[in-house]
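Right, one structure below, let's go through it.
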Amino acid sequence: MAGVRRLQLEEALALGSEWRHACHALLYAPDPGLLFGRIPLRYAVLMQMRFDGRLGFPGGLVNRQDGSLEGLNRELSEELGEAAAAFRVERTDYRSSHVGSGPHVVAHFYAKLLTLEQLTAVEIGAPRAKDHGLEVLGLVRVPLYTLRDGVGGLPAFLENSFIGTAREQLLEALKDLGLVESGSLSKAAGRRISAPP
């Protein structure tokens with residue numbers, strides 16, 4: 001992450017009033033399903049297609065009040081709909097904070113474990129959310145497997161365009177939460193897919 005610096009949450013919250021704070025959340029759930037009856041899915045991980053054509057996580061700019069961050073759950077409700085009310089992202093779900101060399105924005109990242117039923121309800125209800133079709137164009141599940149060709153699945157997914165540090169946040173969370181095997185994650189993250197001639 002060139003030009004990006006990681007901060008502790010307390011350090012990020014102590015930045016001056018000229019700094020804005022953005023909070024985003026990775027939502028995931030255990031998934032016992034099998035793709036084609038043989039490839040274990042292991043987990044369902046949600047990302048969203050943003051208005052600018054890039055992939056990111058639900059969330060957005062929030063108000064910083066009394067040394068804490070408020071508004072992430074409101075953002076989730078606006079972007080994901082009523083099903084987001086069935087859970088709350090809490091401080092215990094916090095993963096990391098980063099600042100870049102650009103505008104004074106601190107990116108705070110969270111990961112929330114849901115049940116598969118909760119995650120599916122979010123997917124079903126998202127098209128009725130306030131920001132659907134505006135800020136959010138749709139939800140996608142991250143393929144956490146690699147197909148036999150070594151390209152399909154996660155390696156191909158990682159070739160998409162991601163906003164800010166979303167790709168790095170995804171890879172870090174997948175590794176730290178044990179959502180994929182570390183060997184297959186390293187191969188997927190390091191692979192660059194070339195266009196056919």
Side-chain angles (χ1 to χ4, degrees), residues 22-60 62 69 71-96 108-147 152-163 165-181 184-185 188-189:
C23 293
H24 295 88
L26 175 147
L27 304 176
Y28 69 105
D31 187 344
L34 294 172
L35 178 65
F36 306 127
R38 60 179 171 74
I39 301 171
L41 298 178
R42 297 177 37 121
Y43 289 90
V45 174
L46 288 185
M47 292 192 78
Q48 63 184 15
M49 178 61 68
R50 296 164 29 95
F51 64 93
D52 57 8
R54 292 184 272 186
L55 292 169
F57 294 101
V62 299
L69 298 168
L72 174 56
N73 289 297
R74 175 190 47 78
E75 284 287 331
L76 294 178
S77 178
E78 290 173 4
E79 294 183 3
L80 302 175
E82 293 176 10
F87 59 88
R88 287 192 57 79
V89 176
E90 305 286 347
R91 192 166 181 152
T92 56
D93 301 311
Y94 171 78
R95 307 278 316 148
S96 62
H108 304 280
F109 186 58
Y110 295 77
K112 180 68 176 179
L113 176 63
L114 304 177
T115 66
L116 188 56
E117 292 76 20
Q118 287 173 315
L119 188 132
T120 302
V122 167
E123 290 175 312
I124 292 168
R128 294 185 301 279
K130 174 185 171 200
D131 289 343
H132 185 80
L134 300 170
E135 291 182 30
V136 179
L137 301 181
L139 298 178
V140 295
R141 286 192 186 191
V142 178
L144 301 182
Y145 47 81
T146 301
L147 297 179
L154 186 58
F157 184 83
L158 293 173
E159 292 297 317
N160 284 296
S161 179
F162 293 81
I163 186 70
T165 57
R167 182 182 190 273
E168 291 79 9
Q169 290 168 327
L170 171 65
L171 291 171
E172 184 178 285
L174 293 179
K175 178 184 174 201
D176 292 349
L177 297 170
L179 303 184
V180 295
E181 297 171 10
S184 62
L185 183 60

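Note that the coordinates shown come from a computational prediction; the quantities given were computed from them, not determined experimentally. Sequential numbering from 1 along the given sequence is applied to the chain's residues.
With rounding to the nearest 0.5 Å, the separation of NZ in Lys130 from CD in Glu75 is 8.5 Å. The structure places NE2 of His108 at 10.0 Å from CZ of Arg91, a figure rounded to the nearest 0.5 Å. The distance from the CG atom of Leu170 to the CE atom of Met47 is 5.5 Å, given to the nearest 0.5 Å. One distance of note links CD of Gln169 with CZ of Phe162; it measures 11.0 Å at 0.5 Å rounding. Atom CG of Leu55 is separated from atom CE of Met49 by 4.5 Å, given to the nearest 0.5 angstrom. Distance check: Asp93 CG to Arg88 CZ gives 10.5 Å after rounding to the nearest 0.5 Å.
For the pair Ser161 and Asp52, the minimum side-chain heavy-atom distance is 4.5 Å or more. Using a 4.5 Å heavy-atom threshold, the side chains of Leu113 and Leu177 count as separate.
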Only distances under 3.5 Å count here; give the side-chain donor-acceptor pairs of residues 35-46 to other protein atoms, sequence neighbours excluded, each with its distance to 0.1 Å.
unit_1, atom_1, unit_2, atom_2, d
Arg42, NE, Leu179, O, 3.3
Arg42, NH2, Gly178, O, 3.1
Arg42, NH2, Leu179, O, 3.4

List the atom pairs, with distances to 0.1 Å, where a side-chain N or O of residues 76-84 and a protein N or O form a donor-acceptor pair under 3.5 Å, not counting sequence neighbours.
unit_1, atom_1, unit_2, atom_2, d
Glu78, OE2, Arg74, NH1, 3.3
Glu79, OE1, Gln48, NE2, 3.2
Glu79, OE1, Gly59, N, 3.0

Would you be so kind as to tabulate the donor-acceptor pairs closer than 3.5 Å made by side chains of residues 22-31, with sequence neighbours excluded?
unit_1, atom_1, unit_2, atom_2, d
Asp31, OD1, Gly33, N, 2.9
Asp31, OD2, Arg141, NH1, 3.2

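When all heavy atoms of Leu139 and Ala126 are compared, the pair lying nearest together is CD1-CB, 3.6 Å. Looking at every heavy atom in both residues, Asn73 comes nearest to Phe87 through OD1-O, 4.3 Å. Minimum interatomic distance between Phe109 and Ala173 (heavy atoms only, all atoms of both residues): CE2-CB, 4.0 Å.
Residues passing the side-chain hydrogen bond (donor to acceptor under 3.5 Å, both in side chains) test with Asp176, sequence neighbours excluded: Arg95. Residues forming a side-chain hydrogen bond (donor to acceptor under 3.5 Å, both in side chains) with Tyr145 (at least two apart in sequence, or on another chain): none.
Among residues at least two apart or in separate chains, ring pair (Phe, Tyr, Trp, His ring centres under 6.0 Å) pairs with a member in residues 110-134 are Tyr94-Tyr110.
Judged by distance alone, with hydrogens and angles left aside, the side-chain atoms of Thr115 form a donor-acceptor pair with the main-chain N or O of Gln118 at under 3.5 Å.
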